[in-house]
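Structure, as structure tokens:
We count ligands from 1, going down the list as the structure has it; atoms in each ligand are counted the same way. Worth knowing before you read on, the calculation uses all heavy atoms, side chains too, and leaves out hydrogens, waters and symmetry mates.
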Amino acid sequence: MDWANLDFSYRKTDKSYVSNYADGAWDEGQLTGEGTITISECAGVLQYSQSCFEGLKAYTTEDGHIVAFRPDMNAARMENSAKRLEIPVFPKERFVDAVTQTIRANAAYVPPYGSGATLYLRPFMFGSGPVIGVAPAKEYQFRILATPVGPYFKGGVRSLTLCVSDFDRAAPNGTGNIKAGLNYAMSLHAIVTAHKNGYDENMYLDAATHTTVEETGGANFVFVTRDNKVVTPKSSSILPSITRISLLHIAKEYLGLEVEEREIALGEVKDFVECGLCGTAAVISPVGKIVDHGKEIVMSGTAQGMGPVTKKLYDTLTGIQMGRIEAPKGWIHII
Ligand code: PLP
Ligand code: COI
């Protein structure tokens with residue numbers, strides 16, 4: 001494997017984890033070498049998009065351990081996603097155990113320390129049983145696939161250009177705060193349009209008023225003020241990013257910075273100096289420019305790659321993940 005040149009795409013590995021739900025219970029689950037799935041043509045996932053997913057990574061640390069970052073947080077978020085979609089919950093302890101089994105079975109695909117690549121784990125759940133009237137399925141599958149990945153954005157760490165989208169990602173009281181597959185299906189036209197127009201990603205605004213900043217299709221925002229305060233949007237329709245929660249802790253407890261989670265008006269974005277997209281896949285990707293209907297907002301601190309604060313956040317987060325910096329209790333799950 002050419003670890004240093006991996007992109008963010010699917011490569012089949014040796015084993016996936018599968019558990020099926022039928023007659024009101026999850027089976028004991030097992031690893032499988034089979035990378036394809038056979039389901040009813042009328043499965044809930046195919047007809048009514050009844051599915052949710054998670055994303056987390058496994059790393060090789062400096063001292064040669066394989067670790068996963070905060071899998072308990074993914075387990076908890078998936079529980080919320082499942083409940084909102086009327087999918088039976090996969091127990092949190094079993095989720096963490098399944099992640100552990102999947103990584104162990106694919107240890108050969110965990111990229112070496114310092115390669116810049118990671119093993120991406122994609123837990124997902126879907127309605128596998130048939131439904132024709134609009135209703136939750138009676139049967140489900142929980143599955144975890146593992147695939148080695150490089151940087152999410154093509155070209156590695158470089159400053160991204162975003163466009164303020166006229167499309168909405170999530171309605172108030174909708175599904176924006178859970179990781180439902182349907183949120184991503186409806187963002188596809190917006191991202192293809194953004195790419196066609198030369199942008200890397202969309203900045204979505206709140207659907208009700210189109211005045212406040214929400215997130216992108218696959219990551220939350222972090223901004224840095226002129227006086228080094230880390231500011232991030234508060235909204236009930238964005239995905240609660242585990243990376244963002246971790247970065248806010250790092251900013252406060254490791255870097256001694258002030259942090260603020262609050263509504264951010266689009267109009268005040270010009271006053272920030274650094275902007276980053278944060279997420280498992282994105283890690284922290286610097287944003288150089290945001291284009292609002294022809295008007296360019298330049299993020300001066302992140303116009304040429306990472307800025308001073310985003311760089312410190314990035315170095316500390318990845319340092320914790322790779323075992324160079326002591327982690328807060330419970331963040332690192334040794335495989
Ligand atoms: N927002 C969206 C819409 C996402 O898909 C993701 C990715 O998981 C994130 C934010 C970042 O979340 P996390 O840091 O938990 O990966
Ligand atoms: C992740 O960061 O894990 C995600 O699920 C985002 C997705 C757009 C790749």
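- The shortest distance between side-chain heavy atoms of Arg94 and Phe142 does not fall below 4.5 Å.
- With 3.5 Å as the limit, one finds no donor-acceptor pair spanning the side chains of Thr212 and Glu263.
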Could you tell me, for ligand 1, which of its N or O atoms are under 3.5 Å from any protein N or O, listing the pairs and their distances rounded to 0.1 Å?
unit_1, atom_1, unit_2, atom_2, d
ligand 1, 1 (N), Glu215, OE1, 2.5
ligand 1, 5 (O), Lys179, NZ, 3.0
ligand 1, 5 (O), Tyr184, OH, 2.5
ligand 1, 8 (O), Lys179, NZ, 2.8
ligand 1, 12 (O), Ser241, OG, 3.4
ligand 1, 14 (O), Ser241, OG, 2.6
ligand 1, 14 (O), Ile242, N, 3.3
ligand 1, 14 (O), Thr243, N, 2.9
ligand 1, 14 (O), Thr243, OG1, 2.5
ligand 1, 15 (O), Arg77, NH1, 2.8
ligand 1, 15 (O), Arg77, NH2, 3.1
ligand 1, 15 (O), Ile242, N, 2.8
ligand 1, 16 (O), Thr280, N, 2.9
ligand 1, 16 (O), Thr280, OG1, 2.6

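- Remark: the His210 side chain and the Asp166 side chain contain no N/O donor-acceptor pair separated by less than 3.5 Å.
- Side chain of Asn202 to backbone of Ala190: a donor-acceptor contact under 3.5 angstrom is found.
- Side-chain contact between Glu215 and Leu239: present, with at least one pair of heavy atoms (C-beta onward) separated by less than 4.5 Å.
- Close contacts of ligand 2 with Phe53, meaning ligand atoms under 4.0 Å from a residue heavy atom, involve 5 (O).
- Protein heavy atom at the shortest distance from atom 9 (C) of ligand 2 is Tyr152 CE1, 3.7 Å.
- A salt bridge links Glu296 with Lys289: at least one charged nitrogen is closer than 4.0 Å to a carboxylate oxygen.
- Taking CD1 of Ile284 as the reference point, atom CG of Leu317 lies at 6.0 Å (rounded to 0.5 Å).
- At a 3.5 angstrom cut-off on N or O pairs, Tyr184 does not count as close to ligand 2.
- Ranking protein heavy atoms by distance to atom 5 (O) of ligand 2, first place goes to Lys179 NZ, 2.7 Å.
- With respect to atom 6 (C) of ligand 2, the closest heavy atom belonging to the protein is Gly218 O, 3.7 Å.
- Checked by distance only, ligand 2 and Ala281 come closer than 3.5 Å through their nitrogen or oxygen atoms.
- Around the NZ atom of Lys234, the shell of radius 6.0 Å holds no more than 12 heavy atoms that belong to other residues, nucleotides or ligands.
- Within the structure, side chain to side chain donor-acceptor pair (under 3.5 Å) pairs that include any residue of residues 186-201 comprise Arg158-Asp200 (at least two apart or interchain).
- Only side-chain heavy atoms of Arg122 come within less than 4.0 Å of ligand 2; its backbone N, CA, C and O stay farther off.
- Under a 4.0 Å N-O distance rule, the pair Arg262/Glu268 qualifies as a salt bridge.
- When hydrogens are left out, the protein atom nearest atom 1 (C) of ligand 2 is Tyr120 OH, 3.3 Å; that is the closest non-hydrogen contact.
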